[in-house]
Structures are given as structure tokens and as C-alpha cells.
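Notes for the one structure printed next.
Here the structure is a predicted model, which means the values were calculated and not measured. Lettering of chains follows the sequences in order, A, B, ..., and the numbering in each one begins at 1.
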Amino acid sequence: MPELPEVETVKRGLERLVVSKTIKHVHHKADKSFPNDQYLVDEFMLGATISKVTRRAKVLLIELSSTYTIMVHLKMTGQLVFVGDTSRWGAGHPNDSLVDNLPDKSTRVHIEFDDGSILYFNDQRRFGWVKLLPNHAVELEPFMQKVGPEPFDPAFTPSVFIERVRRRNGTTIKAAILDQTVLAGVGNIYADESLWSTMIHPAERVRNISDAKLRELHGAIIAVMQLSIDKGGSTNKNYVDAEGKRGSYMEFANVFRREGQACTRCSTIIEKLRVAGRGTHICPHCQVQLEHKDN
DNA sequence: CACTTGACCTGTCCGC
DNA sequence: TGCGGACAGGTCAAGT
């Protein structure tokens, strides 16, 4: 579930919470959640200061003063939660329970800073990872080499989107926009929401969709993700931000996880189907495949 | 090559 | 209540 808006929300939280902090200890389990040589951890993490936090696609990049970068992918159930200086939050802050409960059995890595605060990487399903790389090696990672443009980059114009999405003319539009090499950051939630918004059936072949419609979709992807960032992302199940807070975008979702409920546009009951191997939510009245329409 | 499906994991939910 | 199986979904590997 962490898609672009969720990762962006975590990134903004970390910018506020951990930049300029110095790493004192790194606790980790020796598994693929943390595939790093111990001597590199000792040499380039311990004593290093966090200089900058950025995001590319769904990947978080935590730059250190040591010329190394901590690369984090949350995949489905990953969380990066900062705990420290609880006094300034006050009673009732969502972080309170986390202070008491972390680390827990989902904690794969935790980074302790010299002021006693701690950044936890939790991941129930262990698909996510935390990798330490020299700065120059980040862009050489295979994923970073092939990932498509950032949706909020001004260079990502409608024509750029159309040109890239048409490289996947033979597949369904949902598979095409989920493809991270077409554009960065779209996952299952925002794919369904942007397709509902533009009244495109997720199983429609890209080649059947007009440029005008793809132009609309370009705008909808950006709009939907911007709204979600404004709402702190979507908490479907596991996702929380860097302070342990849930996002509220799901309250604004029109189809995702709303099967059985009325479409907000036409009151038809939302259905769930399977497209591109994913659970997919549509309004069967608003989103009709072109070959099934009369004329 | 283009595209689809399965694997990676574990917790949760549903039906019997 | 217990138990098996389906499901969740980001990305890569394997299969068609």
C-alpha cells in the first residue's frame, strides 16, 4: 500500500524528524530486510549524520554525511516510525502506544540516534528492505535505472505520458499505469481511483484508448495523488507516517475497497474484479469497455 | 520481445 | 472453535 503519496508523506515526516541527527547504533536482524555487510554498517552508518531525505518513485533515500545513502523500500507493509522526545507530543498522540510497543516482532531494523531517539523499520510481511549504498551507486541500482518519470515533475507532460503509456499498447490500461517504467509511483489504489475518475475501464487495452482520454488520465493521476498527499496518504491497513499517524485518503476514495457501495457519481453499486492480477474496483456504469459499448 | 503469472511473506478473514 | 485456503499488493523472476 505505500504508493507515491504514502512514501512522500513519510519522506516529509523524516525531513522534519531525523535530519541532522547522528547515528549511534544500528540494530538489525541478519536477513534480506537488511542485506548489508557489517563492516560497511560500522564504518559508514555509525557516527554519521543524516544530511538529507529524498524520494524517487516509492523508494526513500536517506543521505548520510559519510557519502553513503540508506535506501528504503516499504513494499506493502513496511513502516518507518520515529520515536523520541515524546514530551513535546503530549498525551493522546498516536505515537504514545508505539513508544510502549516498539520494537515489536515486525521490527526488522532500528536506528538509534545519539540523543536517544529511534527510527524503526517495521515490516510484517518482510517484502521491504533497508540497503546501505555509496551515494554514487544509488542511481546505478537496476530499479533506479529503469523507473519512469515522477508524476509531479513539470517535465512529465501529457505528451510524455501518452508516448510512454503507448509503449504498452498491447496490455490493459491498469497494467500499463502500474508499470513503474511507464511512470513512477502508481500502485493499486491510485490506479483504480484515477481510472474511475476518467471513466476508463481498467481492462481496456491501451491501444483502444484515445489520446484525449489518456490526456485526461494523466491529469487524474496527478490530481488523485496530490489529494492523497494532502490527506497524509491512504491507510488501508498497515500504513502509518513517520510519526505513527494514519492517513485519511481512504475517506475520499471513490472505488477502492468500496465494493457493494453506491458510486458517488451515479449510485450504481461498485464491483470488485481482477485485472492485471490485482483486486480491481470499478463502477460498472461509469466504466464500460469500449468494445462492449453500442457504437 | 511483449506480456502474464508466480514467488516472495505473514496476518487476517471467510466458510465449513 | 479450529482449520484450510484465499487474499492482500510492490517488484522481480520465470513462464508462455
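For K58(A), the listed nucleotide lying nearest its side chain is dT11(C); candidates were dC8(B), dC3(B), dT11(C). Checking dT11(C), dC8(B), dT10(B) against the side-chain heavy atoms of Q124(A) singles out dT10(B) as nearest. For N188(A), taking side-chain heavy atoms from C-beta onward, the closest of the listed nucleotides dC12(C), dG10(C), dC9(B) is dG10(C).
Counting any heavy atom pair closer than 4.0 Å across all strands shown, R278(A) reaches a base atom. Residue R257(A) is classed as a sugar-phosphate contact, given heavy-atom separations below 4.0 Å to backbone atoms only. Among the atoms of the strands shown, none is found under 4.0 Å from any heavy atom of G277(A).
In this structure, the side chain of T181(A) does not engage the main chain of V147(A) through any donor-acceptor pair within 3.5 Å.
The shortest distance between side-chain heavy atoms of I62(A) and T69(A) does not fall below 4.5 Å.
For the pair T77(A) and dT10(B), the criterion of a side-chain N or O lying under 4.0 Å from OP1 or OP2 is not met. Between dC8(B) and K75(A), no contact under 4.0 Å exists linking OP1 or OP2 to a side-chain N or O. For the OP1/OP2 pair of dT11(C) and a distance below 4.0 Å, the side-chain nitrogens and oxygens of H73(A) include at least one atom meeting the criterion. The side chain of K272(A) contributes no N or O atom lying less than 4.0 Å from OP1 or OP2 of dC7(C).
Distance, Q145(A) CD to dT11(C) C1': 17 Å, rounded to whole Å. Rounded to whole angstrom, the span from the CZ atom of F127(A) across to the C1' atom of dC7(C) amounts to 12 Å. One can place CZ of F121(A) at 13 Å from C1' of dC9(B), the figure rounded to the nearest angstrom. A straight line from NZ of K131(A) to C1' of dC12(C) spans 11 Å, rounded to a whole angstrom. Distance R126(A) CZ to dA8(C) C1': 17 Å, rounded to the nearest Å. Atom pair N169(A):CG and dT4(B):C1' shows a separation of 17 Å (rounding to whole Å applied). As rounded to whole Å, 14 Å separates atom P of dC1(B) from atom NZ of K146(A). Atoms CZ (R207(A)) and C1' (dC3(B)) sit 11 Å apart, rounded to a whole Å.
Across all strands shown, dA7(B) forms a Watson-Crick or G-U wobble pair with dT11(C), both key distances being under 3.5 Å.
In this structure, Y190(A) has its ring center under 6.0 Å from that of Y249(A).
Aromatic ring orientation, H110(A) versus H27(A): parallel (interplanar angle below 30°, classes split at 30° and 60°).
Both L217(A) and V165(A) belong to a single network of hydrophobic side chains, linked directly or stepwise wherever heavy atoms of I, L, V, M, F, W or Y lie under 4.5 Å apart.
When the P atom is used for both dG5(C) and dA7(B), the distance is 15 Å, rounded to whole Å. Between dG6(B) and dA6(C), the distance separating the two P atoms is 12 Å to the nearest Å. Comparing dC3(C) with dC9(B), their P atoms sit 25 Å apart, to the nearest whole Å.
There is no side-chain donor-acceptor pair under 3.5 Å between H281(A) and Q261(A).
In the interface, the side chain of R125(A) is paired with the base of dC9(B) through a donor and an acceptor atom under 3.5 Å apart.
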